[in-house]
Amino acid sequence: MAKPIIQMENIEKHFGNIIALAGVSFDVVPGECHCLLGDNGAGKSTFIKTMSGVHKPTKGTITLDGKPMHFDSPRDAMEAGIATVFQDLAMIPLMSVTRNFFMGREPTKGRGPFKRMDIKTANDICVESMRAMGINLRGPDQAVGTLSGGERQTVAIARAVHFGAKVLILDEPTSALGVRQTSNVLATIDRVRKQGVGVVFITHNVRHSMAVGDRFTVLNRGKTLGTAERGRITAEELQDMMAGGQELASLEGSLGGTV
Amino acid sequence: MAKPIIQMENIEKHFGNIIALAGVSFDVVPGECHCLLGDNGAGKSTFIKTMSGVHKPTKGTITLDGKPMHFDSPRDAMEAGIATVFQDLAMIPLMSVTRNFFMGREPTKGRGPFKRMDIKTANDICVESMRAMGINLRGPDQAVGTLSGGERQTVAIARAVHFGAKVLILDEPTSALGVRQTSNVLATIDRVRKQGVGVVFITHNVRHSMAVGDRFTVLNRGKTLGTAERGRITAEELQDMMAGGQELASLEGSLGGTV
Amino acid sequence: MADTAQIIVDERIKKESFGSRLMQRPELGAIAGVVLVTIFFLFTADSAMFTLSGIMNFMTPAAQLGILAIGAAMLMIGGEFDLSIGSMVAFAGLIFGACVVTFGLPLIIAIPITFVFAALVGALNGAIVLRTGLPSFIVTLAFLFILRGVSLVGLKLATDGSTQLRGVRDAVEGDFLTPLFSGDAFGGLFAWLAEIGLVETFNNGAPKVPGIPVEILWFIALALAATYILLRTPYGNWIFASGGDRNAASNSGVPVRRVKISLFMLTACCAALVAIITVMDAGSTDARRGFMKEFEAIIAAVIGGCLLTGGYGSAIGAFFGAIIFGMVVIGLSYTNFDQDWFQVFLGGMLLIAVLFNNYIRKRVTGER
Amino acid sequence: MADTAQIIVDERIKKESFGSRLMQRPELGAIAGVVLVTIFFLFTADSAMFTLSGIMNFMTPAAQLGILAIGAAMLMIGGEFDLSIGSMVAFAGLIFGACVVTFGLPLIIAIPITFVFAALVGALNGAIVLRTGLPSFIVTLAFLFILRGVSLVGLKLATDGSTQLRGVRDAVEGDFLTPLFSGDAFGGLFAWLAEIGLVETFNNGAPKVPGIPVEILWFIALALAATYILLRTPYGNWIFASGGDRNAASNSGVPVRRVKISLFMLTACCAALVAIITVMDAGSTDARRGFMKEFEAIIAAVIGGCLLTGGYGSAIGAFFGAIIFGMVVIGLSYTNFDQDWFQVFLGGMLLIAVLFNNYIRKRVTGER
Amino acid sequence: QDIIVVSHGQANDPFWSVVKNGVDKAAADSGATVDYRAPETFDMVAMSQLIDAAVNQEPDGIVVSIPDADALGPSIERAVAAGIPVISMNSGSDVSKGLGALLHVGQDEFDAGKAAGEKLASMGGSVGICVNQEVGNVSLDQRCAGFSEGFGGSVEVIPTQNDPAEVEAKVKAALESNPDIDTIMGLGASLVGEPSIAAVEAVGRTGEVNVATFDLSAGFLEAIAEGRAAFGIDQQQFLQGYLPVIFLALNANYGLIPGGNVPSGPNLITQEKAAQVVELSAKGIR
Ligand SMILES: Nc1ncnc2c1ncn2[C@@H]1O[C@H](COP(=O)(O)OP(=O)(O)OP(=O)(O)O)[C@@H](O)[C@H]1O
Ligand SMILES: Nc1ncnc2c1ncn2[C@@H]1O[C@H](COP(=O)(O)OP(=O)(O)OP(=O)(O)O)[C@@H](O)[C@H]1O
Ligand SMILES: [Mg+2]
Ligand SMILES: [Mg+2]
C-alpha cells in the first residue's frame, strides 16, 4: 500500500467533562476512499474536525506526509491541501452562493492595490460546479439561506471538491441529497479518488459506503472497532458493527429488511 | 378510504420573485403514512411548512377535518394536532435537551401563581423518549448545541412523536441517523400510524419510503407529478420519478446499482 | 438552564467536582467578579466602605440600577434591547409626579396609572418592533429621544416653566403606601439593634443606619422573582427560546410575539418602579432623571453574563453585575486615588472583573 | 452582495423590474429615508437650509459623523462593536494636540503618530476580544471609560491643569499638510464662482461658501473606498463571512482573527481622522470631544441597514444613515419648532425615516 | 425681527431652562421671533456648526455663549463679517470683544467660583470637595478651579454622573472616608446640591459641613432658608437669556445698544434672601 498522506495516532478529545474521543488511530493513503462509519454520537464528526484543524486534539499526534503537524486553524489544514465538507456545512446564510463557495479563497484579478475579486470567473465556476452535481442554480447571487437543504449541501460539496488538493473529507455529504445528486456525489468521489486524492467519507448508508469505499473504519463510543479492507467484509457485517452490535433482527423483520 | 384529516388544495407559494410551489394538492387520511418525494429544491419543505403554519400560502386552501382553516402561526397548527419535524429541526443550540423537547408546551405542576414547570417529569419523559429511539443521553440538561447531528435529529423526532396528535409531519427525519436509530424511527412511524395518526414522511431514500409508505406523492419543480398507492408502483419507477426522469443508468452501472 | 441532572453511568463522562458544576451556571460566574472587586477595595479603600452604612450606601444606587438591569437582562435574553428605559425613568417620574402633586391623587391611584402608562409605551415599542421587523435598537432609540423630550415639555407644563417638579414628598406624606416605595424598611428593628449596640449610632443615639432602603428589598425580590420565572416556568423557557432563535421558537409553538411584547412591557415597568422609588426618595423629579441609565443597565446585564445576541444569561447575573458596577462607581470615592483617574479606574476595574469572571468560568469548566 | 446576476431561463422565476432589483440592495434602501427627510424639511425649514451654504452646513457634521459611521459599519458587518470610538476622538485629539502644540512637531510627524496610537489601541481592543472570547461590547466599553479618563489626565498634564488644549490653529498654520485636513477645498474655484455670481456672496464680497469642507471629501472618499473593499475584494468577503458566522467562516478558511483585529484598527483610525480634522478646524481640543459619538455612529450604521448581529450591511448605507442623522439634527435648527420639542422631533424623524425606508424596501421586493 | 440664541447648554438642563425662559419672555416682550438652539451634549464642534447654521439664516442678531473661543471663534467672526450683530452671554467675557461681539451679559465662571471659595473659607472651611457632574465641560471645570483658588485650603474634585442617587452615595462616601471635610461645593443645585444636603444629613453632620452650590433650585433654596445649606450662587441667568434678546431687538429697531458688558452675577443667595427667591425658582425664573 502507498504511504499515507495523513496519519492520526491515538487521538483523544475531551470537551470539559465529556470524552468524545478516547484514542482513535486512522490514516488515508492517496487514491483511496476511506469510509468512517459508526453510530450517532460515536465521535466521527469530532474526529474529522481534529483532522481539519477545527479542534486541537487533547492527546495524540497528526503526521502529514511523514512530518508531524499542528494545525492552528482550519486555514492551516486547507493550505496543507485538506478540504472538508462539515456536517453543519459551514455556510453563511446571508451571503450569496458564489461568495460562500469561494469564502476564504477568492479568485482575484488585477494587482497591487487594484487586486480585486474576479466575480465573473467566480460566478462561472460556481454555477458550473453546481450543474455538474445536478443542481441548476437560479442565479449565483441567491442567498444561501434561501436554498433548500439539499441545494445547500451540494454547494458545500462542490466547494470542497473544487479546492480538495490532497485529502477530501466528507461528513455525511449525501444526507439531504436527492437520488440524482447522490449518484453525482458518489461518482465524484470515484473520480477524485482516481486522480490520486485521498477521500474520507462518513455516512450511515452502508450501500453508499460499499459502493465507493476501499477501506472501512468503524467508530463506537469514541473508540475504533477496527479497520477492514474492501472485499474482506460484507454489507451485513458492516451494518451490524455500525449499529453497535445491537439486535436489529426483530425490527428488520417487521419492516422487511429495508434499512 | 377514510375521510382525510387535512386536505391541501392547489397550494401556491411565492418568495419575492421565486415561485417555490406552483399549485400542489395533497391530503392525509388517518392511519396512513403518506410519503412526499422529490428532487432537491422541488418544494417539499416549503409545502409542509405551509401545512404546519410556518408559511401562509400565496394561493390555495387548507381544509382540516372538513372545515377550511387558516393557520396564523405554527402554534395554531400545533393546537389543531399537527406536529412537525422540520428539516432544520427548530432547536435552540444554547438550551438544554429537555427545554428544547418541551419548548412551547411545557408540563406544569402547581396552580395559580405557583404554576411552574414540572422539570422532573419533563426530564424523565425526555430521557425515556430518547432511549426509545436508541439514544442514551448523558443528561437531560446537556445543551443541544453540543449534541451530534444524529442525536439532535432524534430529539426533534422524539418531540414530534410525543406531541403528534392527529398528523405527524417528518421532513427528512432520518437523514443524519445511524442504522439503529433509523430502524427505530421507521418502527415508530409504523406504530403511530397504527394508532390512527396520519403521517407525512419526506425522504430521499426509496427503500425507507417503500418500507413504511401507504401512498407516494412526487413533487417536481413546484408541481405534483402524481400520487400512487402502495403496491401499484415499484421502487424503480419511484426512483425514476424522483430523479425527475433523468438518465441514471450510466451512473448506476458504474457504481453497481447501490443508490 | 438549571435542570436537575440525572446521573447515568457512562464511561464517557469524567467526574467533576461540585464547585465546577456550580461555576458553570451563568448566574454564578459573576460572583467571582464581586469577590474580586471586594478584595480590591478591602485593600485600597477606607474601612468605612464595608461598615453597615457603607454597604447600604453603595447598595442603594446599585439597587436602583439593578432593578433596571434585571428588566434589561430579561429582555436581552428574549433577544431584544430597550434603549428607552433611561428616558422612561424621567417620563414615568413625570407622570407619577404630576399625578400626586398636580392632580393630588393618592398613591393607590397614582402608582397604577404610572405603571399603566409605562406598560403602554413598552407595548408600543414592542408592537412597532414586531410589526415592522426593524431592530429594537433603532425603534427604542427613537423612543429614547421622544420620551426624554416629552418629559421636558410635560414638566414645563406641569410646573409653569421649570424643569423640576417638587413637593412630591409632602404630597405622599402619610399615604399608607409610602413606606412600600420610599425610605427605609425595618426601622424598628434597626433602632432596637442600635440600642443593644449591634448597629453603630450617632452621638444623639439614632442608629447610623436607619434601616434597609426599600429599593434594596425591591431589587432582591425582583432578582428572585425573575430567576424563578426564567428557570422554573414555561414563560421563562419561552423567553430563552425566543431570544435563542426566533424562527425555531416560533416553529416549535412558542408565542414569540406575545413573549416579546410582554418583555418590553416588563422592562418599562421596571423603569417605572425605579422612577417611583427615586422620585419619592428625592421628593422631586426633573427632565434629566435616568440619563444614560439604559446603557448602564445593559452594561450590568452583560457583566452578569447576558449575551447581546440573546438567548443566554440570567437575572442573578444581572443582579451581581449591577452590584459590581455600583461598587466600582461608588467605591473609588472611598479610596485615595486621584479622582481625575476615576474613569480610567472604572474602565479598568470593569474589564478586570469581567476577565476574571470569564477566566474562572473557563478554568473550572475546562472549556477552551 | 452585488454580484452580477447570470440570467438563466427558469419557469420558476417571476420577472422583476429594474427598480425593485435596485431597492433590494441594503445600500440603497437608506436613500428612501434621505428623500423623505429632505421633503419634510423642504416644507418646514427655512429656505436657507437648501442653499449651497446650508447644504455644506449640515453636510459638515454629517461627514464627521459619517467617517465614524463607516468605520463602525464595517466593524459591525464583521460582527463586532467598538464603543470606544467616541473616547478615541478625544484621545487621538489629545495626542495630536500635544504633538503639535506641546512638542511643536510638524504635521508630517504628528499625524502618523496619532494614527499609530489609535491603531495600537484598536489592536489592543481586538486582541483582548479575540483572546478572551468576551463580547466586544464590554471590552470596548471599558476602553470607552479608560480612554476618556486618560484624555482628561493627559490634557491636564499637557496644559498644566486645564481640560482644554488651545493654540492648535496657530501651531499648524502654514504646514503644507494643513489644507488636506482642515478648512475648505477648492477655495479658488468658489471665489471665482462667486465673482461670476454663481455663488452667493456676503455684503463684503466674500463668497458665502468659501469651498467644500475637507471632511466632506474625506467622507465621500472613505464611503467609496469602503464600498469597493466590501463588495469587490477578498478582504470584503472575509468581513461579511466573519460577521455572518464566525465558526463557519473560520472552518472555511477565513482568517477571522486577522480580519477582526484589522477592523478594530480601521475603526480606531477613522476616529483618529475625525479627531485630527475637528481639532484642526476648531483649533482646540477638550476632554469631552466625541462624547456619545460611538452611539451616533452605530445609529447611523443601523439606519443605513447594518444588522447588529453582524454579517449584513453596507458602507453606502452608513453614508446615507449619517446624512439622515446630520440632516435631522441640524435641520431642526432651520425650522421654527421650539427647542423644547427638539428631542421629540429627533426621535420621531428617525423613526419615520427608518420605517419608511423599511416599508419601501419591503413593498418593492415583495417579501413579507 | 429674527433673533437666534445658540448656547452650549441643553434645554432640559435645569440651569439652561431658566435661560431659555428668559429668552422666551424677551421674545414675548419685544415681539421678536427667537429661536433657542443648543447641541445635544457639551460639544464645541457641534456648537460651531449650529452657529454656522444660524448665520446662514441671516437673522437680525445672534446671541452666543463662548466656552471655547478657539473652537467657536471662526464661526462668530463669520457672523460678524456677515454683518450680523452678536452678543455673547454666560461664558466668554474675556474674549467677547476680541471676536467682535457687541457686549457680554454674564458672569465669569472662574471669578464666581473664586468668590464662592472665599466666602466658604471665611465661613471657616478648610477642607473642601468640589462635586462636578460633567467633568470635561470646560465651564464647569473653571468653576472648580476658581473655587480652589478662592478657598485656599485643600480641595478635591469628585466626578459624578448625572444621577442624584449616585451623587448622594459618592458624597456620603467622601464624607465617611474623610471626616475632615467641612465644605461641599456643588456645580448644580438640583442635581448636586440637593443630594449633597441629603448625604450630609445621612451621615449626621448637618451644621458641621457647609454646602454651597452654583445656581438655584427651589429645594436647595428651602434648605438655605432652613439653615441646612450655606448659600447658592445665583448668576441670574434669566437675565442672560432676556437682556441680549431685548438689546438685539432694540438694536434692530432703533439702533440702540448699551456701551459695555452687563455683569449678571455672581449674586450669593444666603439665608436672608432665600425665602423670597423660592417661589421664583419654582417657576423657572431664578
Ligand atoms: N462541544 C461539545 N461539547 C460537549 N460534548 C460534545 C461537543 N461536541 C460533541 N460532543 C459530544 O461528543 C459525542 C460525539 O459527537 P460527534 O458529533 O463527533 O458524533 P458523530 O459520530 O458525528 O455523530 P452523528 O453521526 O450523529 O453525526 C457526542 O455524544 C456529543 O454529544
Ligand atoms: N425564503 C425563500 N426565499 C427564496 N427562495 C426560497 C425560499 N425558501 C425556499 N426557496 C426556494 O424554493 C425552492 C424549494 O425549496 P424547498 O426547501 O421547499 O425544497 P425541498 O424540496 O425541501 O428540497 P430538499 O430536498 O433539498 O430539502 C428552492 O429552490 C429554494 O431555493
Ligand atoms: Mg456527525
Ligand atoms: Mg427540504
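Here the structure is a predicted model, which means the values were calculated and not measured. Because only heavy atoms are used, hydrogens play no part in the values below, and waters and symmetry mates are left out as well, while side chains stay in. Lettering of chains follows the sequences in order, A, B, ..., and the numbering in each one begins at 1.
Ranked by non-hydrogen atom pairs under 4.5 Å with chain E, the options D:T335, D:L152, D:N336 are led by D:T335. By number of non-hydrogen pairs under 4.5 angstrom with chain D, the leading residue of E:D24, E:L72, E:T41 is E:T41. Of the residues considered (D:A287, D:A90, D:S53), D:S53 shows the highest number of contacts with chain E, using heavy-atom pairs under 4.5 Å. The choice from D:P61, D:S151, D:G283 that makes the most heavy-atom pairs within less than 4.5 Å of chain E is D:P61. Between chain E and the residues D:M56, D:R148, D:Q343, the largest count of heavy-atom pairs under 4.5 Å involves D:Q343. When each of D:G167, D:A282, D:S162, D:G54 is scored by its heavy-atom pairs under 4.5 Å with chain E, the top score falls to D:A282. The candidate with the highest count of non-hydrogen atom pairs below 4.5 Å against chain E, out of D:V329, D:N57, D:L346, is D:N57.
For D:V100 against D:A171, the heavy-atom pair with the smallest separation is O-CB, 3.8 Å.
For a residue to count as touching a neighbouring chain, one of its non-hydrogen atoms must lie under 4.5 Å from one of that chain's; by this rule E:S48 does not touch chain D. Of the two parts of D:F342, only the side chain, counted from C-beta on, holds a non-hydrogen atom closer than 4.5 Å to a non-hydrogen atom of chain E. For E:A53, the parts lying near chain D are the backbone and the side chain together; criterion is any non-hydrogen pair under 4.5 Å. With a 4.5 angstrom heavy-atom cutoff, E:E134 touches chain D via backbone and side-chain atoms both. The parts of E:A69 that come within reach of chain D are both its backbone and its side chain, each placing non-hydrogen atoms under 4.5 angstrom from that chain. Residue contact with chain D, scored on non-hydrogen atoms closer than 4.5 Å, is absent for E:V6. If you measure heavy-atom distances from D:D340 to chain E, the contacts under 4.5 Å come from both the backbone and the side chain. Using a 4.5 Å cut-off between heavy atoms, E:D35 touches chain D through its side chain atoms alone. Using a 4.5 Å cut-off between heavy atoms, D:R169 touches chain E through its side chain atoms alone. In this structure, chain D has no heavy atom under 4.5 Å from any part of E:P59. Proximity to chain E (any heavy atom under 4.5 Å) is shown, for D:L155, by neither the backbone nor the side chain.
Between E:D52 and E:R78 there is a salt bridge, since a side-chain N of the basic residue sits under 4.0 Å from a carboxylate O of the acidic one. Under a 4.0 Å N-O distance rule, the pair E:D68/D:R288 does not qualify as a salt bridge. Between D:D338 and E:K20 there is a salt bridge, since at least one side-chain N of the basic residue sits less than 4.0 Å from a carboxylate O of the acidic one. We find that E:D43 and D:K293 are joined by a salt bridge, their nearest charged nitrogen and carboxylate oxygen being less than 4.0 Å apart. Contact check on D:R289 versus D:D286 returns a salt bridge, with a Lys/Arg side-chain nitrogen under 4.0 Å from an Asp/Glu carboxylate oxygen.
Annotation: side chain of E:H8 is not in contact with side chain of E:V64 (no heavy-atom distance under 4.5 Å).
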Check the pair D:F186, D:F190 against ring pair (Phe, Tyr, Trp, His ring centres under 6.0 Å), reporting the backbone distance first and the verdict last.
-> CA-CA 6 Å; D:F186 310 124; D:F190 276 74; 7.4 Å; no
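Without hydrogens or angle criteria, E:N21 side chain to E:G284 main chain gives a donor-acceptor distance under 3.5 Å. Listed for the E:Q161 side chain is no donor-acceptor partner under 3.5 Å among the backbone atoms of E:Q133.
A side-chain donor from one of E:S96 and E:S88 sits under 3.5 Å from a side-chain acceptor of the other.
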